[in-house]
Each structure stands twice: as C-alpha cells, then as structure tokens.
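The structure appears right after this line, and notes come after that.
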Amino acid sequence: MGLLIKKYVKENCLLGIWEVTEGYNDLFSKLSLLPEEIKTLNDFQNPLRGIEWLSVRVLLKEITGKNLSVIYNRNRKPFIKGNSYNVSISHSKDFTTVLLSKNKKVGIDLEFMSHRISNIESRFINDNEVITQNKDRKKYHLYIHWCAKEALYKICDRQDINFKKNLTIEPFVPKEEGFINGWVNNKYMNEKFQLYYFTINNYIIVWTTD
C-alpha cells in the first residue's frame with residue numbers, strides 16, 4: 001500500500017504514515033544506504049526488525065524527498081543525522097509513522113488496538129485519571145491514554161519517567177479524533193502538553209509537540 005498519510009500538522013510539523021505491504025528487498029531497493037547503515041541492517045537477527053527499520057527510512061524519503069539517516073543516543077532516542085529535523089518514530093503491526101519538525105521537539109505513538117489492554121491498566125493509569133466504564137468504549141479510551149503517555153515519554157527524552165507516577169492525562173470523553181491534555185511531572189520538569197489523536201483502520205495515533 002505504501003504512503004497512507006502525509007500532512008503538515010501543528011506549527012509545520014510533518015506527519016507521515018506508511019502501510020508496510022512490501023517485502024525486505026522491495027523496501028531496500030527504494031533507498032541509497034550508507035555503508036554503516038547497511039552494517040546495522042545486516043546485524044538484525046529478526047527479518048521483521050529489518051523490514052521495520054527499512055520502512056522508517058522509506059517513509060522519511062517519501063515525505064521529505066531526501067535520504068535521511070537516523071541515529072540514536074544512549075537512551076535510544078532517534079535523531080536525524082546532521083540535525084536537520086527533530087524526529088519521533090513508532091511502529092505497530094503493519095504501520096510505521098514518523099513526526100518531523102525543524103524547530104520543535106516532537107513525540108508520536110501508533111498502536112494497533114488488538115490485545116486486552118485492560119489487563120495492564122493498573123500499570124499505567126493513576127488515581128487522578130478517569131477511564132470510562134462503558135464496555136464498548138473502555139478499550140479505546142485506554143489505548144488513547146497509553147499512546148498519549150508513550151508520546152510524552154518520547155518528547156521528554158525518556159528521562160526518569162514512570163508511566164503511572166510521572167505522566168497524567170486529564171479527563172476527557174473519547175471521540176474518533178480530538179485533543180487532550182497531559183502532564184509530565186518528575187525531577188526534571190512539571191509541564192503540560194496538548195496531545196492530538198485520531199484513528200485509521202484499527203490503529204490509534206497520538207502526537208504532540210513542545
């Protein structure tokens with residue numbers, strides 16, 4: 001299928017979503033990789049991990065028109081080599097998404113809504129958060145919370161953050177798309193973020209900027 005979404009969102013942030021239907025060789029053929037990138041790719045033991053890795057680079061090329069190299073710091077936070085963009089990346093099942101900005105920090109998360117997320121609710125929902133008890137909407141509500149917290153975790157450089165203790169999503173009524181408010185409170189910061197969410201097929205996407 002390839003590129004599903006390419007759009008500019010808040011303050012010139014570029015969001016892209018790719019549906020991965022290609023195989024390893026098809027994705028590889030779309031790129032001009034550096035020797036060190038080829039080495040990284042060849043080091044993956046799991047072929048599916050290689051496909052994920054390639055899909056990110058293909059998506060970046062598709063939405064920017066450039067071969068961008070992604071590097072990681074010691075906390076596994078991604079950066080674009082040369083610092084031309086700030087970037088956040090997420091994969092789930094057959095979808096890959098990226099969010100890019102030249103002057104804003106960004107965070108994005110994508111999840112396929114499949115498993116019984118209520119089984120782990122107690123691990124990431126705190127006493128100040130409200131989840132609907134409507135059985136038909138509860139799973140979706142929890143997924144928005146989970147993705148929002150992942151996006152906050154990413155934008156805050158993953159430093160000293162416990163999903164239940166340090167991240168709080170203000171109460172909201174879940175819709176097909178909308179925005180919510182979330183807080184990060186740890187020894188580094190006490191800051192409020194506005195997060196945006198939407199769905200496509202059975203996937204939920206949540207993104208934010210600083």
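Only a predicted model underlies this, so the values are computations on that prediction, with no experimental measurement involved.
- Criterion: ILVMFWY side-chain heavy atoms under 4.5 Å apart, direct or through other members. Under it, Tyr8 and Ile80 are part of a common hydrophobic cluster.
- Contacts of Tyr85 classified as ring-ring contact (aromatic ring centres under 6.0 Å, His included), with partners at least two apart in sequence or in another chain: none.
- Remark: Tyr197 engages no residue in a ring-ring contact (aromatic ring centres under 6.0 Å, His included) (not counting sequence neighbours).
- Here CD of Glu37 is found 10.0 Å from CG of Leu54. Values are rounded to the nearest 0.5 Å.
- With sequence neighbours left out, the side-chain contact (heavy atoms from CB on, under 4.5 Å) criterion links Glu191 to Met189, Phe193.
- Both Ile51 and Phe44 sit in one connected hydrophobic cluster of ILVMFWY residues. Membership requires side-chain heavy atoms under 4.5 Å apart, directly or through other members.
- Between Arg116 atom CZ and Glu121 atom CD the span is 14.5 Å, to the nearest 0.5 Å.
- Side-chain contact between Val98 and Leu15 is absent, with no heavy-atom pair separated by less than 4.5 Å.
- How far CD of Glu52 is from NZ of Lys93: 12.5 Å, rounded to the nearest 0.5 Å.
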Worksheet item: Taking it one step at a time, do Thr97 and Ile89 satisfy side chain to side chain contact (heavy atoms under 4.5 Å, CB included)?
Response: CA-CA 6 Å; Thr97 187; Ile89 299 166; over 6 Å; no
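- Residues Ser84 and Leu68 come closest through the heavy atom pair OG-CD2, 4.3 Å.
- Listed by chain and residue number, nothing satisfies the side-chain hydrogen bond (donor to acceptor under 3.5 Å, both in side chains) test with Asp26 (two or more places apart in sequence, or in another chain).
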Anything under 3.5 Å between a donor and an acceptor, one on a side chain of residues 57-66, the other on a protein residue two or more places apart or in another chain? List them.
from, atom 1, to, atom 2, distance (Å)
Arg57, NH1, Trp53, O, 3.1
Lys61, NZ, Lys30, O, 2.8
Thr64, OG1, Leu60, O, 2.7
Thr64, OG1, Lys66, N, 3.2

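- The structure places NZ of Lys138 at 11.0 Å from CD1 of Ile117, a figure rounded to the nearest 0.5 Å.
- Under a hydrophobic clustering in which Ile, Leu, Val, Met, Phe, Trp and Tyr are joined whenever their side-chain heavy atoms come within less than 4.5 Å, directly or via other members, Val56 and Tyr72 fall into the same cluster.
- Sorted by first and then second residue, the salt bridge (charged side-chain N to carboxylate O under 4.0 Å, His left out) pairs involving residues 170-183 (not counting sequence neighbours) are Arg137-Glu176, Glu170-Lys192.
- Residues that satisfy the side-chain hydrogen bond (donor to acceptor under 3.5 Å, both in side chains) test with Glu129, not counting sequence neighbours, are Lys149.
- The backbone N or O of Asn166 sits nowhere less than 3.5 Å from a side-chain atom of Asn162 that would complete a donor-acceptor pair.
- A side-chain donor-acceptor contact under 3.5 Å links Thr168 and Asn126.
- Every residue two or more places apart in sequence or in another chain was checked for a side-chain hydrogen bond (donor to acceptor under 3.5 Å, both in side chains) with Glu150, and none qualifies.
- Contact detail for Asn134 and Thr132: the closest heavy-atom pair is N-OG1, 3.1 Å.
- Of all heavy-atom pairs between Ser69 and Leu34, the closest is OG-CD1, 3.6 Å.
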Worksheet entry | side chain to side chain contact (heavy atoms under 4.5 Å, CB included) between Thr96 and Val20, intermediate numbers included | CA-CA 7 Å; Thr96 294; Val20 185; 3.8 Å; yes
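- Two residues are said to be in side-chain contact when any heavy atoms from C-beta on lie closer than 4.5 Å; Ser55 and His91 meet this criterion.
- Residue Ile71 is found in a hydrophobic cluster whose other members, listed by chain and number, are Phe79; membership requires side-chain heavy atoms under 4.5 Å apart, directly or through intermediates.
- Remark: the backbone N or O of Ser122 is paired with a side-chain donor or acceptor of Lys164 at under 3.5 angstrom.
- Within 6.0 Å of atom CG in Asp127, 12 or fewer heavy atoms from other residues, nucleotides or ligands are found, so the atom counts as exposed in its surroundings.
- Minimum interatomic distance between Lys187 and Asp160 (heavy atoms only, all atoms of both residues): CG-OD2, 3.5 Å.
- Checked against ring-ring contact (aromatic ring centres under 6.0 Å, His included), Phe28 has no partners two or more places apart in sequence or in another chain.
- The ring of Phe172 has its center closer than 6.0 angstrom to the ring center of His145.
- In this structure, Lys154 and Ser88 approach most closely via the heavy-atom pair CD-OG, 3.6 Å.
- Residues Thr21 and Gly2 come closest through the heavy atom pair OG1-N, 4.2 Å.
- Cation-pi geometry between Lys7 and Phe198 is satisfied (NZ or CZ under 6.0 Å from the ring centre, within 45° of the ring normal).
- Every ring-ring contact (aromatic ring centres under 6.0 Å, His included) that Trp207 has, sequence neighbours left out, goes to Tyr196.
- Atom-to-atom distance recorded for Asn186:CG and Ile161:CD1 is 5.5 Å, nearest 0.5 angstrom.
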Discussion item. Could you go through Val70 and Lys81, starting from their C-alpha distance and side-chain angles, then the distance that decides it, and tell me whether this counts as side chain to side chain contact (heavy atoms under 4.5 Å, CB included)?
Written reply: CA-CA 6 Å; Val70 182; Lys81 190 174 182 179; over 6 Å; no
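- Without hydrogens or angle criteria, Glu19 side chain to Ile17 main chain gives no donor-acceptor distance under 3.5 Å.
- Hydrophobic cluster membership differs between Phe163 and Val130, with clusters built from Ile, Leu, Val, Met, Phe, Trp and Tyr side chains linked at under 4.5 angstrom.
- With rounding to the nearest 0.5 angstrom, the SG atom of Cys147 is 8.0 Å from the CD1 atom of Ile205.
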Discussion item. Could you walk me through whether Leu99 and Leu14 satisfy the side chain to side chain contact (heavy atoms under 4.5 Å, CB included) test, starting with their C-alpha distance in whole Å, then the side-chain angles of each, then the deciding distance to 0.1 Å, before giving a yes or no?
Written reply: CA-CA 6 Å; Leu99 184 61; Leu14 182 56; over 6 Å; no
Would you mind writing out the side-chain donor-acceptor pairs for residues 100-113 within the sub-3.5 Å range, not counting sequence neighbours?
from, atom 1, to, atom 2, distance (Å)
Ser101, OG, Asn103, N, 3.3
Ser101, OG, Asn103, OD1, 3.4
Ser101, OG, Lys104, N, 3.0
Lys104, NZ, Glu11, OE1, 2.9
Lys105, NZ, Asp157, OD2, 3.4
Asp109, OD1, Ser90, OG, 3.2

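- Atom OH of Tyr24 has more than 12 heavy atoms from other residues, nucleotides or ligands within 6.0 Å.
- Each of Trp183 and Ile169 belongs to its own hydrophobic cluster when Ile, Leu, Val, Met, Phe, Trp and Tyr are linked at side-chain heavy-atom distances under 4.5 angstrom.
- In this structure, Trp18 has its ring center at least 6.0 angstrom away from the ring center of Phe95.
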